[in-house]
Structures are given as structure tokens and as C-alpha cells.
**Q** 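Mind having a look at this structure? Questions to follow.
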Amino acid sequence: MKYLHTGMIVGEKLPEMVFVEPLKVWITDASKDKYAIEFLYFEVDSPMAAAIQEQPHVAYEVENIDEAIAGKSVLWQKMDIGNAYIAFVYDNDTVVEFYQTK
């Protein structure tokens with residue numbers, strides 16, 4: 001497991017944000033932030049779980065996303081985002097995002 005970023009919720013859109021249509025969320029590119037922070041702004045009709053929209057999250061790259069989410073409280077099932085899969089779980093009182101490159 002490799003640390004990728006920390007996701008922080010903001011109350012307004014930032015100029016450098018891009019829109020992720022299926023999730024109805026605006027995000028920044030954490031790889032361009034010196035602290036690896038991904039800022040997120042959710043549209044009011046975002047389908048994402050409330051915990052994802054309300055709490056910071058920590059993201060990790062994993063080799064097998066199915067194994068990573070097994071037995072955990074899944075907030076967002078494995079989703080194909082083109083070049084990778086993502087999923088969100090609630091584990092140890094923390095929102096965790098798993099990311100698996102295809």
C-alpha cells in the first residue's frame with residue numbers, strides 16, 4: 001500500500017478544480033500540491049456517501065482493490081475511472097480511498 005494523498009473538503013470551488021461528472025465533485029490534482037492534498041467541492045446532488053462529502057479522507061494505491069475493501073464498511077463500491085479503479089471505505093473511524101491502476 002502506497003500513500004497517495006489526503007482529501008480535504010472546501011466550501012467553494014477553487015479555480016484549478018476539474019469536474020468529475022459521475023461523482024458530481026470538483027477536485028484539484030493532489031500530485032501538484034506540495035503536501036499531496038486533494039481539495040474537493042461536492043455539488044448538492046452528488047451521489048457520494050455523506051461521510052465522503054463531510055470528512056477528510058486518506059488515499060492509498062493498492063495492488064488489489066477487491067482485497068483492500070474486503071471485510072470493510074464500503075462507502076463507495078469499486079468504480080472504473082478509466083485508467084484505474086477507486087473505492088471508499090470507512091475503517092478505524094476514517095474515510096479511506098483505495099486506488100488501483102489498471
Side-chain angles (χ1 to χ4, degrees):
M1 193 166 26
K2 175 185 165 192
Y3 171 79
L4 287 179
H5 66 261
T6 298
M8 300 297 294
I9 314 307
V10 295
E12 59 186 51
K13 287 183 261 183
L14 304 174
E16 64 274 15
M17 288 182 151
V18 295
F19 190 57
V20 181
E21 175 67 36
L23 305 178
K24 301 211 177 187
V25 62
W26 295 83
I27 62 170
T28 59
D29 184 348
S31 70
K32 294 181 180 177
D33 185 85
K34 68 180 178 178
Y35 299 111
I37 296 175
E38 172 189 69
F39 294 97
L40 302 99
Y41 173 82
F42 291 91
E43 294 290 334
V44 293
D45 58 345
S46 173
M48 303 289 293
I52 298 169
Q53 295 187 48
E54 297 167 359
Q55 297 179 28
H57 71 268
V58 180
Y60 295 96
E61 184 172 7
V62 294
E63 291 191 24
N64 186 318
I65 200 165
D66 295 313
E67 288 179 7
I69 66 174
K72 296 190 175 56
S73 176
V74 177
L75 295 169
W76 190 262
Q77 290 291 339
K78 178 173 124 178
M79 176 180 186
D80 187 333
I81 59 166
N83 62 336
Y85 298 103
I86 63 167
F88 286 82
V89 301
Y90 195 68
D91 191 27
N92 198 27
D93 295 327
T94 305
V95 177
V96 180
E97 175 185 0
F98 291 118
Y99 177 96
Q100 178 189 329
T101 304
K102 287 185 181 176

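All values reported here derive from a predicted model rather than from experimental measurement. Worth knowing before you read on, the calculation uses all heavy atoms, side chains too, and leaves out hydrogens, waters and symmetry mates.
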**Q** Just to verify, what does N83 make a side chain to side chain donor-acceptor pair (under 3.5 Å) with, not counting sequence neighbours?
**A** none
**Q** Of all residues at least two apart in sequence or in a different chain, which pass the salt bridge (charged side-chain N to carboxylate O under 4.0 Å, His left out) check with D66?
**A** K78
**Q** Among residues at least two apart in sequence or on other chains, which ones pass salt bridge (charged side-chain N to carboxylate O under 4.0 Å, His left out) with K32?
**A** none
**Q** Which distance, rounded to the nearest 0.5 Å, do you find between the CD of E38 and the CG of D33?
**A** 10.5 Å
**Q** Could you list the donor-acceptor pairs under 3.5 angstrom formed between side-chain atoms of residues 13-28 and any protein atom two or more places apart in sequence or on another chain?
**A**
unit_1	atom_1	unit_2	atom_2	d
K24	NZ	D45	OD2	3.1
W26	NE1	E43	OE2	2.6
T28	OG1	F39	N	2.8

**Q** What residues form a salt bridge (charged side-chain N to carboxylate O under 4.0 Å, His left out) with K72, not counting sequence neighbours?
**A** none
**Q** Measure the CG-CD1 distance between L75 and I52 for me, rounded to the nearest 0.5 Å.
**A** 5.0 Å
**Q** Name all pairs fulfilling the salt bridge (charged side-chain N to carboxylate O under 4.0 Å, His left out) condition that reach into residues 47-59, sequence neighbours left out, sorted by first residue then second.
**A** none
**Q** Is the shortest heavy-atom distance from the side chain of I81 to the side chain of Y99 under 4.5 Å?
**A** yes
**Q** Pairs in or reaching into residues 79-102: which pass salt bridge (charged side-chain N to carboxylate O under 4.0 Å, His left out), with residues at least two apart or in two chains?
**A** D80-K102
**Q** By the rule that ILVMFWY residues connect when side-chain heavy atoms come within less than 4.5 angstrom, directly or transitively, which residues belong alongside I65?
**A** M1, Y3, V58, Y60, V62, I69, V74, Y85, V89, V96, F98
**Q** Is F42 linked to I86 within one hydrophobic cluster, defined over Ile, Leu, Val, Met, Phe, Trp and Tyr using a side-chain heavy-atom separation of less than 4.5 Å?
**A** yes
**Q** Applying side chain to side chain contact (heavy atoms under 4.5 Å, CB included), can you list everything that pairs with S31, at least two apart in sequence or on another chain?
**A** D29
**Q** So, taking the atom named CD in E61 and the one named CD in Q100, what distance separates them when rounded to the nearest 0.5 Å?
**A** 9.0 Å
**Q** So if you build clusters from Ile, Leu, Val, Met, Phe, Trp, Tyr with side-chain heavy-atom gaps below 4.5 Å, do Y41 and M48 land together?
**A** no
**Q** Determine whether V95 and I37 fall in the same hydrophobic cluster, where Ile, Leu, Val, Met, Phe, Trp and Tyr are linked whenever their side-chain heavy atoms lie under 4.5 Å apart.
**A** no
**Q** Taking side chain to side chain donor-acceptor pair (under 3.5 Å) as the definition, give me every residue that meets it alongside K2, ordered by chain and number, with sequence neighbours left out.
**A** none
**Q** Could you list the residues that satisfy ring pair (Phe, Tyr, Trp, His ring centres under 6.0 Å) with H57, not counting sequence neighbours?
**A** H5, F88
**Q** Please enumerate all residues that pass side chain to side chain donor-acceptor pair (under 3.5 Å) together with S73, with sequence neighbours excluded.
**A** none
